[in-house]
Amino acid sequence: MFENLSERLGGVFDRLTKQGALSEDDVKTALREVRVALLEADVSLPVARDFIKAVQDKATGQSVTKSVTPGQQVVKIVHDELQHILTGDEDPGALKIDNPPAPILMVGLQGSGKTTTTAKLAKRLKEKEGKRVLMASLDVNRPAAMEQLAILGVQIGVDTLPIVKGEDPVAIAKRAKTQASLGGYDVYMLDTAGRLHIDQELIAQAAAVRDVANPRETLLVVDGLTGQDAVNVAQEFDDKIGVSGVVLTRMDGDGRGGAALSMRAITGKPIRFVGLGEKMDAIEVFEPSRIAGRILG
Ligand code: GDP
């Protein structure tokens, strides 16, 4: 996902480190190239601008040009700054699931990978934390989506709430809560309906479910391939529903990766997990150092 950015930065850094002595103009030119590379990767303009300014300030403060290995110093500052803007929560993978049964609300647009991510996280909670998880689909307009969750449940050995025709999402959420309490589940996950665009009905429905479920975590699933759009979607969902974190899917694809770099700075919300494929194990905790490493090669 970061191949192009990585290649571009690699080129800039190669030139910097080979050059030996560096003037301030050399550093400025290099940072201009870094800025262009970030923008081409679909990093939002204010984030790219702040990033370059922070690097510039540090490079000046540390008198990089007077050091013995100026190029390497600049590379290190860029690396640190990259890690800095990626850093969110202390432990993005730790879901708040004390006081069982803990509700987790999953929201996002249709096709973002919400149902897949719900099942991936359920599997993870079961296998890594030994939790008993119940999943429920609230997508009453798309019976196929409800069945998809049930099929994934069987595949990963996680229970799903039986489907009752004609029930509305709030009623399903209440039934999930009851079932989770009575059944001794640690966590219940509510996979809300998605739509192609954020509209009033989508928001109203998600808000109504949120109000009855009182979720411990509200995770927004967004398609990482959509770049700045992913960040805009996250901002809007957060404004209207309030989210506790973001899961960026399709990070295995050949998108430009800008969403990952802009998300925190623009929305204030941490990326908690990244989806890396269609398989049920293809999910990772969002680790800034690993992502920075991927970008810087
Ligand atoms: P929903 O409409 O948001 O519930 O989306 P789905 O969970 O049904 O996912 C839509 C499609 O995206 C499915 O074919 C998934 O297998 C696929 N998908 C989900 N997450 C990822 C991911 O991280 N990487 C890739 N390559 N595909 C994904």
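Counting starts at 1 for both ligands and their atoms, following the listed order.
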Undergrad: Report the nearest protein non-hydrogen atom to atom 7 (O) of ligand 1: residue, atom name, distance rounded to 0.1 Å.
TA: Thr116 OG1, 2.5 Å
Undergrad: Counting heavy atoms only, which part of Val274 comes closer than 4.0 Å to ligand 1: side chain, backbone, both or neither?
TA: neither
Undergrad: So for ligand 1, is Met251 a polar contact partner (N or O within less than 3.5 Å, distance only)?
TA: no
Undergrad: Would you say Thr249 and ligand 1 have an N/O pair spaced under 3.5 Å apart?
TA: no
Undergrad: Compare all side-chain heavy atoms of Thr249 with those of Thr116 and state whether any distance is below 4.5 angstrom.
TA: no
Undergrad: Taking Pro92's backbone N and O only, do any of them form a donor-acceptor pair with Arg272's side chain (distance below 3.5 Å, no angle check)?
TA: yes
Undergrad: Below 3.5 Å, N or O to N or O, backbone or side chain included: is there any such pair between Thr117 and ligand 1?
TA: no
Undergrad: Any salt bridge between Asp186 and Arg132, counting N to O under 4.0 Å?
TA: no
Undergrad: Any atoms of ligand 1 less than 4.0 Å from a non-hydrogen atom of Leu276? List them with their elements.
TA: 23 (O)
Undergrad: Identify the protein heavy atom lying closest to atom 2 (O) of ligand 1, giving its residue, its atom name and the separation to 0.1 Å.
TA: Gly111 N, 2.7 Å
Undergrad: For ligand 1, which part of Met280 has a heavy atom less than 4.0 Å away: the side chain, the backbone, both, or neither?
TA: neither
Undergrad: Identify, for atom 26 (N) of ligand 1, the protein heavy atom at the shortest distance, and state residue, atom and that distance.
TA: Asp252 OD2, 2.7 Å
Undergrad: Could you establish whether Gly194 and ligand 1 come within less than 4.0 Å of each other, counting only heavy atoms on the residue side?
TA: no
Undergrad: Check Lys53 with Asp50, please: is the shortest side-chain N to carboxylate O separation under 4.0 Å?
TA: no
Undergrad: Write out the residue and atom name of the closest protein heavy atom to atom 21 (C) of ligand 1, then the distance separating them to 0.1 Å.
TA: Gly277 O, 3.5 Å
Undergrad: Starting from atom 11 (C) of ligand 1, which protein heavy atom do you reach first, and at what distance in Å?
TA: Arg250 NH2, 3.4 Å
Undergrad: Considering only NZ, NE, NH1 and NH2 on the basic side and carboxylate oxygens on the acidic side, decide whether Asp139 and Lys114 come within less than 4.0 Å.
TA: no
Undergrad: Which of the numbered atoms in ligand 1 are under 4.0 angstrom from any heavy atom belonging to Leu109?
TA: 3 (O)
Undergrad: Are the side chain of Arg210 and the backbone of Ile241 linked by a donor-acceptor contact shorter than 3.5 Å?
TA: yes
Undergrad: State plainly whether the residues Arg15 and Glu33 are in salt-bridge range, i.e. N to O under 4.0 Å.
TA: yes
Undergrad: Looking only at protein heavy atoms, which one is nearest to atom 5 (O) of ligand 1, and what is the separation?
TA: Gly113 N, 3.1 Å
Undergrad: In plain terms, say whether Arg290 and Glu284 are close enough for a salt bridge, that is, a side-chain N and a carboxylate O under 4.0 Å apart.
TA: yes
Undergrad: Val47 and side chain to side chain contact (heavy atoms under 4.5 Å, CB included): which partner among Leu38, Ile52, Ile85?
TA: Ile85
Undergrad: Ligand 1 versus Arg142, non-hydrogen atoms closer than 4.0 Å: side chain, backbone, both, neither?
TA: side chain
Undergrad: Quick test of your reading of the model: are Lys28 and Glu24 salt-bridged, counting only N-O distances below 4.0 Å?
TA: no
Undergrad: Identify the closest protein heavy atom to atom 16 (O) of ligand 1: which residue and atom is it, and at what distance?
TA: Glu278 OE1, 2.9 Å
Undergrad: For Ile283, is the nearest heavy atom under 4.0 Å from an atom of ligand 1?
TA: no
Undergrad: For Gly275, is at least one N or O under 3.5 Å away from an N or O on ligand 1?
TA: yes
Undergrad: Could you check Thr117, Thr115, Leu220 and say which one makes a side chain to side chain contact (heavy atoms under 4.5 Å, CB included) with Met106?
TA: Thr117
Undergrad: Nearest 0.5 Å, what's the CG-CD1 distance between Leu261 and Ile291?
TA: 8.5 Å
Undergrad: Could you list the atoms of ligand 1 found under 4.0 angstrom from a heavy atom of Lys114?
TA: 1 (P), 3 (O), 4 (O), 5 (O), 7 (O)
Undergrad: Does any N or O of ligand 1 fall below 3.5 Å from an N or O anywhere on Gln110, backbone included?
TA: no
Undergrad: Atoms of ligand 1 less than 4.0 Å from Ser112 heavy atoms?
TA: 3 (O)
Undergrad: Could you check whether Asp281 pairs with Lys120 (Lys NZ or Arg NE/NH1/NH2 to Asp/Glu carboxylate O, under 4.0 Å)?
TA: no
